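Right, one structure below, let's go through it.
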Amino acid sequence: MHVGLYDRDPAAVPVLVPQPLEDPALLGLVTHPLEIVSLTALGELCRLWAKDPKLAWSALGLAFSLCQLEPITPDKPRGPNEGVHTDERLRKALEAAEQFYRESGDWRTLPPPPPAWVKLDGKNRRRRHYRDIAHGRDDAVNPADVWVEPATRWYSQYAAKILPLLPLDGIFASGARGPFLKFLWELLNWTIQKNAPPWVKPERRDRTPADLYEWTRSLGQTLGRVSGLLRLEEIRPRFLEPIFALEGDACWALLAPFTSAYVCAYVYDAVVIPADAVAILDLCLGRFLASPAFKRASYRSGEFYGFDQPRLIKTLMFVSVEHAALAARYVNGDWSEISRILPLIDRFVRAGGWTVSIMAPFLTLCERAKASYPADVFADQILTVVGDGSEQLKGWQNASVPARIAGLVQHFADRDAPMPLHLAQKFLRILDLLVDMGDRRSAALQLGEDFREIRTAD
């Protein structure tokens, strides 16, 4: 299976498509009450972008309009056979989409989510409580204020399944580019406000509601896919800076899928890596390194919890995918271009290699790329992390890190034989430090043929 299959634009997959439709009857299937039918129809319409972009755009507008769930009121009861929308609502939404398709004019803006929060006035807030499962009155900046979700809610579970269907290449090659970027910014802004409500105290904005997990992940992946089609100066203010401004889980919940989708689509799979790829990933790495877990003196330093932080580590260390034969580089077994990402790896391991959570994935990378990884760079990285042996190395012994380092030293010594004297001295210094940690393999290597006659430099 191709490593980036699930992160790619569906329009990039070769398919047979019919001629443009005279009557957009297929739009009606987008309003089908069965979600699988609705999404299948939408996916087929998106694949028609090259033939009829306006029809595909109309379908997207219709689908996102159905993500707005209107409240059930006594004067508008819902029939027993109706789904999340009334028949009247579906009819009006379909008529609006068909009207846009038949009319000429500019690209209409896709329907954005309703406001994330609504502040109740004095009359309406009586006996009302916060309708937010992640935060309560004690978390509010002003407990006297009551913020609730609006009556019209965003159907995030359905919207999360629309985003992977977007024909991004076609959109960005058309006049829909501007309206679509505006729409993406609105989606990101809504998600940020939901995950980190502005009415919550800043120190309490690090928790995310579980019911938005699927949506947040899908949006992060979409932003990662989009970023490969934009320049850094466009990506940074629109997407990266708003995400970087978040704290804790609210940040990692968006940053982890963003980096994963970007690395898969534009590093592993891309025939030509975008010019800004390393710079974008370096910004993401810099934000991650600002986490308190990278500060040795902080509480629970070196410990990474949840799903997103461990995923970020594997992604930014380029070991998130074990093997993909059809990839363009790295995860297909070809690490000959490792010099491209070496600055990222070097920065990452020097900043966090003292904890096993970073060192173990780094050693996995070196073991996979051992045919191409520069031995001298590896030696300098290990010596920087270990220092003079007095630094606290969290979790190294329990994860057999010393033995794995010794194994790589042996491999590099055999691969680059005869070694230059300066490299042999660096490796011997590493072995000395590993022996002090109690590693027997290192002691045996010191007496081996490669190091028996070497003396460490003073």
Side-chain angles (χ1 to χ4, degrees), residues 9-11 15 17-72 76 78-79 81-114 150 152-172 174-187 190 214-215 218-219 222 226:
D9 177 6
V15 293
V17 296
Q19 295 299 315
L21 300 175
E22 294 296 333
D23 180 17
L26 191 56
L27 282 173
L29 286 178
V30 178
T31 65
H32 197 281
L34 288 179
E35 189 175 278
I36 188 172
V37 177
S38 173
L39 291 172
T40 301
L42 178 62
E44 293 304 314
L45 284 162
C46 287
R47 290 177 187 273
L48 288 171
W49 186 279
K51 297 291 184 179
D52 196 345
K54 194 171 184 182
L55 178 61
W57 189 255
S58 300
L60 287 172
L62 173 59
F64 280 114
S65 71
L66 298 180
C67 291
Q68 299 189 10
L69 300 180
E70 295 181 345
I72 301 176
K76 292 183 178 180
R78 189 164 298 171
N81 296 324
E82 292 177 328
V84 295
H85 299 288
T86 63
D87 292 340
E88 178 68 13
R89 171 73 200 289
L90 293 177
R91 183 184 62 79
K92 290 182 178 179
L94 180 57
E95 288 177 352
E98 291 177 343
Q99 182 179 1
F100 169 76
Y101 175 70
R102 292 191 176 95
E103 292 178 351
S104 60
D106 296 334
W107 301 88
R108 69 169 181 173
T109 303
L110 296 176
T152 299
R153 295 181 296 110
W154 180 249
Y155 190 6
S156 62
Q157 291 85 356
Y158 179 71
K161 298 171 183 176
I162 296 176
L163 295 181
L165 304 176
L166 294 170
L168 296 179
D169 288 338
I171 290 174
F172 279 88
S174 69
R177 184 183 191 275
F180 181 70
L181 283 177
K182 179 178 181 295
F183 175 67
L184 275 184
W185 182 87
E186 291 172 334
L187 293 181
W190 181 88
E214 185 179 4
W215 163 255
S218 184
L219 178 62
T222 302
V226 166

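Note that the coordinates shown come from a computational prediction; the quantities given were computed from them, not determined experimentally. Below, each value reflects all heavy atoms present in this structure, side chains not excepted, and no hydrogens, waters or symmetry copies.
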Any donor-acceptor pair under 3.5 Å from [X] side chain to [Y] backbone:
| X | Y | result |
| --- | --- | --- |
| S218 | E214 | no |
| W154 | C67 | no |
| H85 | L66 | yes |
| E44 | L26 | no |
| W49 | G170 | yes |

Contact between P179 and D106 at the side-chain level, heavy atoms closer than 4.5 Å - yes or no?
no
Go through it in stages, so that I can follow the logic: the residues are L166 and V226, the test is side chain to side chain contact (heavy atoms under 4.5 Å, CB included), and I'd like the CA-CA distance, side-chain angles, deciding distance and then a yes or no.
CA-CA 10 Å; L166 294 170; V226 166; over 6 Å; no
Could you work out, with salt bridge (Lys or Arg N to Asp or Glu O under 4.0 Å) as the rule, every residue matching R177, not counting sequence neighbours?
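Here the qualifying residues are E234.
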Any Lys/Arg nitrogen of R91 or E88 sitting under 4.0 Å from an Asp/Glu carboxylate oxygen of the other?
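Between E88 and R91 there is a salt bridge, with a charged N closer than 4.0 Å to a carboxylate O.
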Is E35 paired with K161 through a side-chain N to carboxylate O contact shorter than 4.0 Å?
yes
For side chain to side chain contact (heavy atoms under 4.5 Å, CB included), just list the numbers for T40 and V37, CA-CA rounded to whole Å, side-chain angles, deciding distance to a tenth of an Å, and then say yes or no.
CA-CA 5 Å; T40 301; V37 177; 5.8 Å; no
For W57, which of W107, Y101, F64 qualifies under ring pair (Phe, Tyr, Trp, His ring centres under 6.0 Å)?
W107
Give the minimum heavy-atom separation between [X] and [Y], together with the two atoms involved.
| X | Y | answer |
| --- | --- | --- |
| A59 | V30 | O-CG1, 4.4 Å |
| L60 | P167 | CD1-CD, 4.3 Å |
| A160 | P164 | O-CD, 3.2 Å |
| L90 | T31 | CD1-O, 3.7 Å |

